Structure formats: structure tokens, C-alpha cells
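This report refers to the structure that appears directly beneath it.
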Amino acid sequence: MTPLTVVAGALPLGYGEVKEKGIPVAYVLVAVVLAIFTVGLTAMARHVPNSGAFYAYAAKGLTRPAGVGTAFIALLAYNAMQIGLYGAFGVAAHNAAAIFGLKMSWIVWALLGWVLVGVLGLRQIDFNARILTVLVCAEVLIVLTLDAVMIGHPAGGTVTFDTVNPTLIASAGGVSLLVGAVAGMVGFESPLVYAAEARDPRRTVARAIFMTLGVAAVLYGGSAWAMSVVAGPDRIIDVAAQYLNDLFFVLPDPFLPSAITDLARVFFATSLFAALLAFHHTVARYALTVAREGVLPRPLARTRDGVPVAASVAQSGLALVVLLVFAALVLNPTTDLFFFGTVSGGLGVLALMTIASIAVVRYFRSDAHGETRWRRAIAPWIAAVFLVLMLLLSVAFFGDLLDSDNPVKVWLPPVAFLAVYLAGIWWGHRLRRDAPEVFAAIGTGLPPGTAGPDIPAQRATSEEVVEEAENGHRE
């Protein structure tokens, strides 16, 4: 998760595009729900360490075909968010370079970013982690500094708390903010993807997720509130509509030396690049896991020194095609690519979380696996109820979030995610019939034919197929 990407990129769009004031409340509420969700999620991660994360949990807790459908949703959602970020990066890099007198089109900067992400995507993850650590630490410092300046210069001379009123969520527009907040929180679950590579996944995965959610809730909710303080709660929507691309820098600018504001703009561009790189790694590892099990074409599972090179190249290729189409059609990089892509991806991730929450409940239903009742039952049930409600309400009010009456634009993302989920279920059933070894490996993270007898079937209807595959492996 990269703070400036959300604070300077998403929050202004929430105020200016969605035209709702309850953004601080939405982010804090979503963080609380996801923290409860994480309790059961990390409990399951201790028993199912798999780079496929939500996909593996659905396969283990529900059915293997449901797991395949979940994997397809994950790939579509994370690709939508990663590619959508190129729109914001192109604009941010253009604005940052203009400070130094260098002016190039957003698409040129987006393509330069694409080249760098493609190259770094083929490097070891620890090398990229060092880069991301430096960038994110600098971002946090910038965000805290600008927030302090804005709170210290309130409109009318009085600090107000109008935008942290919980009742602001109790409307169609307020409910729609929840999807935007989920989109902003995407990335909190990334430690699950790297659980198999962590030195001590039983402790560090849960610790990383809870710390991430806590920091994000403070930075995102606090920054949204700080912007409303300096602009005034009655003016923040109108001001945001005028400065969709740089609201976070425009508001504190009168109270800061220009050098600090310019530095913040530069770090906004690097923040977006960090997000691009992080999402690229997530997509590549999802694709690697699913391909290694034989669900996707086997060539995608090719690695070099542990790096998923084939999946990385495939993701870069898809991003290039989308960028070239957007450039050819002269679409708006902020609203048509960044806003639509990341919000649509956020809806998909909300669907992933909902499926995973139900999978956690079912996984622990028959076997406690040594977990406490709070971790295996109470917290997962609470999370499942809230996430199901959030998903249904988000789909119902998705048009309010997009601020669009175009039925194609409004219904394309929900229908697309439903379609790929059903396609995944169909493909899973076909694998059960035509490729029992592949079917037995779904959700294990292992190549077909290596799933041992300690990997049980998840449904009675598939027990014979799995048993047959396992007997073949023993022979």
C-alpha cells in the first residue's frame, strides 16, 4: 500500500467525483471491518500458506471449482487496479517533470513507467522491497507534514469535525464510498501472497496486516479529514472538483515553501510507481500459482531464480495493450483509466474478500485446527455478514460511486466479475472430469501429481476423483 497514491490520487476523486463528505468515516469503517476479517483470514493462513491467498482459501473452504472462479476474479481485479494506476502515474509524472521544465504527454510517462515496471518485475523481490521501503517511508513523512499544515490552518480559524460524522454514510452516495475505501485499502492482504516466502509466516503475516490497516486508517481517514478542515466542510466538494489531480498539494500550498510542495508532487509520482510495481508482483504471483497447479496454461508457471518471469511478462503485455488503446482513443487518464479502473478493481477485491470470509467460516466449521473460537468462528462470522452487506449495497449503488447514468459503464464491472467467476466454476468442473490430477492440485500451490494424501477433498462429490489422483501419485 502506498499512502500518497490514495491520499493525493483517490481522496480528491472521492470528494470531487462522488461528491460525498463522509470519506473519513468510510475509510475508518472499512479498516475496522477488514481488521475483523483479518482475524479469521490469518488463522486460516497458518494452515494454508499459499501465494494464491484468497483463491487457495476458497478452494480449501468451499470447493475447488469455486476456488478457480475466485482466482479468475482476482486476476481481473488486480489487473484492473494495476493498469488503472498507469493513468494517474502518467499525469503525476507529467506534473512533477513540469516543475523542472520538462513537458511530455501523460502517455509517454506512462509508457516509461511501464518499461521500468517490466524490468523490475523480473528482479528478485527483496531488491524491489528495498526500493519500495524507501519510497513509502518518504511518502508517509510527506503526508503527515502536509496534514499537520492543513489542520494548523483551518478555514474560518476553527477546526471542524463535520466530515467525521458517521451519519454521512447513511445514504446512497455514502454507501458507495465503501467501495472506494475498499479500493484504497487493497494491498493490506499482500502479506498473505508472500506467506510461503516469509521466515515466520505464523507471526509476521498477521502482524504486517494489522499494522498496515492501522496505519492506513489513520493516514487515509486523517488526511481526508484534514483536507476538509483547511478547505471548509461546506466547500471541500467544490474545491475538489476544480483540482481533481492535485487537491492534496493545492490546499496546503499557500502555507508552505514552494520547494516542499514541489517535493510532494515528485513523491506522488514515485508513490504511484511503487503501487504499480507492488500490484505487478501480486498479479504475477497469483498467475504463477494458478498456472503451476495446471489451471492456467503451464508456460505461465515458468520461473527464473524464483521470479515468475512468464507471468510477469504476460501482465506487462496486457498493460501495454490497454495503454495503447487508451492513447489511441484519447481517453481521460484520470477519470477513464485511473478512477474507473481502480474502483472497478476495488469492487472485484470486495467480492474476493466476501468469498474468502465465507470460505474461512466453512473451513473451520468441521475442524477447529487448534484455533480459538474468536479466531475460527465469531470474527469470521461477523466479517462475513458485514462484507456480504457491503458487496450487495456496493453493487446496488455502483452508479453513484462512478457518478454515471451510463448503464454499460455502471454494470460492466459487476457483470464482468460475475461472468469470470461462473467461467471459473465451469472450468473447475471440466478439470474434474478431464484432468483429475490438475483438479486434485487446485488450491495446494503444487504441480499436478504431487498433491499427497494430507490434502483432503473439499466436497463429497469430488472425493473419488481426488482419491484416484492420489493413488496414481503413490504408484
Side-chain angles (χ1 to χ4, degrees), residues 48-60 62-83 118 121-122 125 189-190 192-197 279-304 306-322 345 348-349 351-352 355-356 359 416-451 455 458 462 465-466 469:
V48 188
N50 189 313
S51 296
F54 293 150
Y55 152 65
Y57 304 156
K60 291 290 186 181
L62 300 176
T63 66
R64 285 175 170 80
V68 177
T70 304
F72 286 9
I73 291 178
L75 289 171
L76 178 58
Y78 286 126
N79 269 298
M81 299 200 74
Q82 199 271 350
I83 297 172
L122 300 177
I125 190 64
E189 78 287 359
S190 291
L192 296 171
V193 177
Y194 302 105
E197 302 173 58
F279 272 112
H280 175 84
H281 280 299
T282 299
V283 173
R285 275 160 176 73
Y286 252 100
L288 167 66
T289 298
V290 183
R292 184 166 51 204
E293 295 174 2
V295 176
L296 289 179
R298 299 287 178 82
L300 283 175
R302 187 168 62 87
T303 62
R304 184 181 66 231
V307 178
V309 290
S312 178
V313 170
Q315 201 282 327
S316 295
L318 177 61
L320 178 61
V321 170
V322 175
V349 174
L352 284 177
I355 295 170
F417 286 120
L418 178 60
V420 297
Y421 182 68
L422 295 177
I425 291 177
W426 171 83
W427 183 241
H429 284 293
R430 182 164 181 177
L431 289 173
R432 180 172 62 184
R433 184 190 67 192
D434 300 337
E437 282 197 345
V438 172
F439 184 79
I442 292 173
T444 66
L446 301 172
T450 60
I455 301 175
Q458 302 303 308
S462 61
V465 176
V466 177

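Everything numeric in this text was worked out from a predicted model, so none of it was measured.
The two atoms that bring Phe54 and Tyr78 nearest to each other are CE1-OH, 4.2 Å, heavy atoms only. Contact between Ala58 and Ala359 at its shortest, heavy atoms only, is CA-CB, 3.9 Å. Scanning all heavy atoms of the two residues, the minimum distance from Gly443 to Ala56 falls at O-CB, 3.9 Å. Pairing each heavy atom of Pro297 with each of Ala291, the nearest pair is O-CB, 3.5 Å.
The closest side-chain heavy-atom distance from Leu296 to Phe72 is below 4.5 Å. At a threshold of 4.5 Å between non-hydrogen side-chain atoms, the residues Phe439 and Pro65 count as touching. With a 4.5 Å cut-off on side-chain heavy atoms, Tyr57 and Leu62 do not count as touching. Proximity of Val68 to Glu293: side-chain heavy atoms (C-beta onward) are nowhere separated by under 4.5 Å.
Checked against Tyr55 for a side-chain contact (heavy atoms from CB on, under 4.5 Å), the options Leu75, Ile73, Ile355, Val290 give a single hit: Val290.
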Validation: residues 308-322 side-chain donor-acceptor distances under 3.5 Å, sequence neighbours left out:
unit_1: Ser312; atom_1: OG; unit_2: Gly121; atom_2: O; d: 3.4
unit_1: Ser312; atom_1: OG; unit_2: His280; atom_2: NE2; d: 2.6
unit_1: Gln315; atom_1: OE1; unit_2: His280; atom_2: ND1; d: 2.8
unit_1: Gln315; atom_1: NE2; unit_2: Asn79; atom_2: OD1; d: 3.1
unit_1: Gln315; atom_1: NE2; unit_2: Gln82; atom_2: OE1; d: 2.8
unit_1: Ser316; atom_1: OG; unit_2: Ser312; atom_2: O; d: 3.2

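Between Leu352 atom CG and Phe417 atom CZ the span is 8.0 Å, to the nearest 0.5 Å.
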| task | Assess whether side chain to side chain contact (heavy atoms under 4.5 Å, CB included) is satisfied between Thr303 and Arg292, documenting all intermediate values. | result | CA-CA 10 Å; Thr303 62; Arg292 184 166 51 204; 5.8 Å; no

